[in-house]
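Computation of the quantities below employed the complete heavy-atom set of this structure, encompassing side-chain atoms and omitting hydrogens, waters and symmetry-equivalent molecules. Given the structure is predicted, the values throughout are model-derived calculations rather than measurements. Atoms within each ligand, like the ligands themselves, are counted from 1 in listed order.
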Amino acid sequence: MIRIEGQPVLTAAEMRAAEDAVIATGVTVDTLMDRAGTAIAHAVRRLAGSNAILILCGPGNNGGDGYVAARVLAELGATVRVAALSEPRTDAASAARAGWPGPIEALAEAKPAPVLVDALFGTGLTRPLNGTSPQTPNTPPAKAGAQLGTAIDDVPGSPNWTPASAGEVSVVERLHTLTTAATLAIAIDLPSGLATDSGHALTTPPVFHLTLALGALKPVHLLQPAARYCGEIRLLDIGVPVTSQIEVLKSPHLAPPGPDAHKYTRGMVGVIAGTMAGAADLAALAAMRAGAGYVTLLGDSAGPPHALVRAAFSDHALANDRIGALVIGPGLGRDDTARVRLDAALAASHPLVLDGDALRLLDPDRIRALTVPVILTPHAGEFDALFGRSADDKITRARDAAARTGAIVVFKGADTVIAAPDGRVRLAPGASDWLSTAGTGDVLAGAIGAMLAAGLDPLAAAAAGVWLHGEAARRSGPAFIADDLADALRSARASL
Ligand SMILES: NC(=O)C1=CN([C@@H]2O[C@H](COP(=O)(O)OP(=O)(O)OC[C@H]3O[C@@H](n4cnc5c(N)ncnc54)[C@H](O)[C@@H]3O)[C@@H](O)[C@H]2O)[C@H](O)CC1
Ligand SMILES: [K+]
């Protein structure tokens, strides 16, 4: 099982094209399915130990993976049962089902097992599952592979949803019941009910402990709300070469300062303050903690003496050619003074990080005319205000905004998408929900400014800043505030 950091991310169509390219070399779908099912079996075997396993198989090739995995698990000596939704609809899945020597139970009657494997639907899901999802999703134990309990003989019914019409199996009801009753729940390729490319939930699935992605990661593993149902995500290699302009964010390579380093070689960041000096202070502190050699806060704020250099805002101060990056937006405000300072920053010919209020004042089409690197860091509301609302997925929207402005766009959220004008994208996995507190955006803007001033190319600078921000949040544990987050940038940076 491969960790996801740095791995390429493919859409369902790109995955099928990659599989077809392998099939064109003479490898059959059956062979690909055999590789997938065998890799699944070995992963499940390691996690399940001697606990009984129930595999739910759907009508397509996701189900086919499930039948192969069941066969291999039985060959490995595991206690494994199969329950099917319906007859297979592909030749490969039919062959896989025929290869399973044991009985096949009906999904409607299958009793729970300590380990549940969801091979109902994968990248081929095109419409919501029948039946209705429960109102309150299950919340499995925090960690995958939690202490497996004994087999459960009976499971209380679930009163919170309406089953499908009489005689029809409510797929989602059975999936929730059997998953909730399991001690370890594993989704094959992706939890059934999720849309592969948009990250939407066509039907709300249960929350799984683990998702085993086959061949490549897809947007469903990184975008919300889908990602929250996947649990831990691991990639299984099945011999399908994949490339993509979209990759999962990974830890940056940031060299520590050498013997010739001085404050300017490590990067000078100018943070432009406005009406709310506290936010700019946070951004400045973050830039320092992220490793900038020199940070000057240009505004009217006063504060205790420390490493931060406070100076009055002036065109002269902006003209300092040692400035490696300007951060403007945190606490800028939206009054006339703010507009004057934004115009001065855009004219100052330094690399720019535009955040918060600067984005509210900005005409995005002014950016393309600039000759310096620009990184925009909008959250969802700022993004809609800048680029308009859209039903497109977050990756498409971020890419379109980057292409339109010529800037790097950091489309923030629980699923931050970093897009470059040339189409490259970095997706940040698993942000801490505790980042939902005031000032964390200011901290991110400062961290990105430090990376830009250190000389990283704009995409690498944005990616490194987002990674440091996420790592600092992980290190801060629960219930932190933005000041703690800024402080934690130090240990996040030191960990590299
Ligand atoms: N990644 C790889 O290299 C490989 C992936 N494999 C697995 O194949 C699935 C994709 O298979 P596919 O048959 O295209 O789709 P699904 O198995 O997800 O099933 C779609 C199947 O179900 C029908 N359907 C769609 N929506 C619904 C619905 N709401 N209710 C009922 N039926 C529905 C649809 O018509 C299809 O018939 C991928 O995820 C991997 O798990 C292969 O093993 C090859 C290697
Ligand atoms: K699945």
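- Using a 4.0 Å cut-off between charged nitrogen and carboxylate oxygen, Asp384 and Arg397 count as a salt-bridge pair.
- Every N/O-N/O distance between Arg16 and ligand 1 stays at or above 3.5 Å.
- Residue Met15 touches ligand 1 through its side chain alone, judged by heavy-atom distances below 4.0 Å.
- Rounded to the nearest 10 degrees, the angle O (Ile188) to the K ion (ligand 2) to O (Phe121) equals 110°.
- Under 4.0 Å from ligand 1, heavy atoms of Asn62 appear from its side chain as well as its backbone.
- Contact atoms of ligand 1 toward Phe121: 18 (O), 19 (O), 22 (O), 24 (N), 27 (C), 30 (N), 31 (C), 32 (N), 33 (C) (distance under 4.0 Å to a heavy atom of the residue).
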_Stepwise side-chain hydrogen bond (donor to acceptor under 3.5 Å, both in side chains) test for Thr11 and Asp197_ = CA-CA 5 Å; Thr11 62; Asp197 295 348; 4.6 Å; no

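- Atom 42 (C) of ligand 1 has its closest protein heavy atom at Asp65 OD1, 3.7 Å.
- Of all N/O/S atoms in Asp118, O sits nearest the K ion (ligand 2).
- Interface atoms of ligand 1 facing Gly122, defined by a heavy-atom separation under 4.0 Å, are 16 (P), 18 (O), 39 (O).
- For Pro128, the closest heavy-atom approach to ligand 1 falls below 4.0 Å.
- Ligand 1 has a nitrogen or oxygen under 3.5 angstrom from a nitrogen or oxygen of Gly124.
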| request: May I have the step-by-step check of salt bridge (charged side-chain N to carboxylate O under 4.0 Å, His left out) for Asp392 and Arg399, ending in yes or no? | output: CA-CA 11 Å; Asp392 285 344; Arg399 273 175 148 171; over 6 Å; no

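- Counting heavy atoms from C-beta outward, Leu54 and Leu178 have side chains that approach closer than 4.5 Å.
- Side chains of Leu56 and Leu116 form a contact here, defined as non-hydrogen atoms less than 4.5 Å apart.
- Residue-ligand proximity, Asp189 to ligand 1, at heavy-atom distances under 4.0 Å covers atoms 38 (C), 39 (O), 40 (C), 41 (O).
- Smallest separation of non-hydrogen atoms from Asn62 and Asp118: OD1-O, 4.1 Å.
- Salt bridge present: Arg97 and Glu87 bring a charged side-chain N and a carboxylate O closer than 4.0 Å.
- Atoms of ligand 1 lying under 4.0 Å from at least one heavy atom of Leu214, given by number and element, are 1 (N), 40 (C), 41 (O).
- The closest protein non-hydrogen atom to atom 10 (C) of ligand 1 is Thr123 OG1, 3.2 Å.
- Residue contacts with ligand 1 for Arg127 involve both N, CA, C or O and side-chain atoms from C-beta outward (heavy atoms, distance under 4.0 Å).
- Using modelled atom types and a 3.5 Å distance limit, the side chains of Asn61 and Thr90 yield a donor-acceptor pair.
- Residue His221 forms a side chain to side chain contact (heavy atoms under 4.5 Å, CB included) with just one option from Ile4, Leu190, Leu194, Val9, and that option is Leu190.
- Salt bridge status for Asp355 with Lys412: present, with a side-chain N to carboxylate O gap under 4.0 Å.
- Using 4.0 Å as the threshold, Pro59 has a heavy atom nearer than that to some atom of ligand 1.
- Of the options Arg35, Arg89, Glu19, Met33, the smallest heavy-atom separation from atom 34 (C) of ligand 1 is shown by Arg89.
- Within the coordination shell of the K ion (ligand 2), defined by N, O or S atoms under 3.4 Å, Leu190 is present.
- Nearest-heavy-atom check against atom 19 (O) of ligand 1 across Gly215, Gly239, Gly60, Gly64 picks out Gly60.
- Regarding atom 3 (O) of ligand 1, its nearest protein heavy-atom neighbour is Ile238 CD1, 2.9 Å.
- Within the structure, salt bridge (charged side-chain N to carboxylate O under 4.0 Å, His left out) pairs that include any residue of residues 181-193 comprise Asp189-Lys218 (at least two apart or interchain).
- Across Val353 and Leu452, no two heavy atoms sit closer than the pair CG2-CD2, 4.0 Å.
- Atom 8 (O) of ligand 1 has as its closest protein heavy atom Asn61 CB, 3.2 Å.
- When only interatomic distances are considered, the shortest N/O to N/O separation between Gly63 and ligand 1 does not fall below 3.5 Å.
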Could you pull out all donor-acceptor pairs under 3.5 Å where a side-chain atom in residues 455-473 meets a protein atom, sequence neighbours excluded?
| from | atom 1 | to | atom 2 | distance (Å) |
| --- | --- | --- | --- | --- |
| Asp457 | OD1 | Leu459 | N | 3.0 |
| Asp457 | OD1 | Ala460 | N | 3.0 |
| His469 | NE2 | Thr440 | O | 2.9 |
| Glu471 | OE1 | Arg474 | NE | 3.0 |
| Glu471 | OE1 | Arg474 | NH2 | 3.3 |
| Glu471 | OE2 | Arg475 | NE | 2.8 |

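- The shell of residues lying under 4.0 angstrom from ligand 1, judged by heavy atoms, includes Thr126.
- Taking the side chain as every heavy atom from C-beta outward, Met15 and Val240 approach each other to under 4.5 Å.
- Contacts with ligand 1 closer than 4.0 Å are made by no heavy atom of Leu190, backbone or side chain.
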